[in-house]
Amino acid sequence: MALVAGSWAPALWRLCNLLMAAFFALAASVQVVYTIPAGLTLLVGLNPLVTGNFIWKSISAIHILFCIMWALGLGYYLLLHTRQNILHEEEGRNPVGGRIQLAIAIIISLFPFISWIYIYINKEMRSSWPTHCKTVI
């Protein structure tokens, strides 16, 4: 049974990466900053062994470093200048082994799509959005 169950796991990992690449590509159509994660996850979805490549590791590490520095800078700025709820600020909206890791990866991969559908369908939640958010899509 373990041999049969393990045979679908690599395909499921690739599917998760391809789903996240699609999500980042959709996000990149709105904000260009998501093109690097879209490209990296697409490469992993197409060829999982690419993560051992020096160039892929370097681009990934540099991107993570810039994201951490940007997040810390935004956090500090928002801490000093927030006038209302942080989710109404423009910066506040801008966004593990074995079977448990695979389940977590599936949940993480599907969460953006499910939450977007929930928010889009929930009219009460959309009514509290600022006006510039109501005209995005």
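This chain uses plain numbering: 1 for the first residue, then up along the sequence. These numbers were taken from a predicted model, which means no experiment stands behind them.
Environment of CZ in Phe113: crowded, with over 12 heavy atoms of neighbouring residues, nucleotides or ligands closer than 6.0 Å.
A donor-acceptor pair under 3.5 Å links the side-chain atoms of Asn17 to the main chain of Trp13, judged by distance alone.
Closest of all the heavy-atom pairs between Pro37 and His63 is CG-CE1, 3.5 Å. In terms of heavy-atom proximity, Ala38 sits nearest to Ala25 at CB-N, 3.7 Å.
Between Ile36 and Leu40 there is a side-chain heavy-atom pair separated by less than 4.5 Å. Side-chain atoms of Met20 and Phe23, non-hydrogen and from C-beta on, do get closer than 4.5 Å to each other.
When hydrophobic clusters are built by joining Ile, Leu, Val, Met, Phe, Trp and Tyr residues whose side-chain heavy atoms come closer than 4.5 Å, directly or via intermediates, Val33 is not grouped with Leu65. Residues Trp116 and Ile121 share a hydrophobic cluster, clusters being chains of Ile/Leu/Val/Met/Phe/Trp/Tyr side chains in contact below 4.5 Å.
Partners of Tyr118 by side-chain hydrogen bond (donor to acceptor under 3.5 Å, both in side chains), not counting sequence neighbours, listed by chain and number: Asn122.
Note that CG of Leu19 and CG of Leu12 are 9.5 Å apart. Values are rounded to the nearest 0.5 Å. Annotation: the span from Leu110 atom CG to Ser115 atom OG amounts to 10.5 Å, rounded to 0.5 Å.
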Show me the donor-acceptor pairs within less than 3.5 Å that the side chains of residues 50-61 make with the rest of the protein, sequence neighbours left out.
{"unit_1": "Thr51", "atom_1": "OG1", "unit_2": "Pro48", "atom_2": "O", "d": "3.3"}
{"unit_1": "Asn53", "atom_1": "OD1", "unit_2": "Ile55", "atom_2": "N", "d": "2.9"}
{"unit_1": "Ser58", "atom_1": "OG", "unit_2": "Phe54", "atom_2": "O", "d": "2.8"}

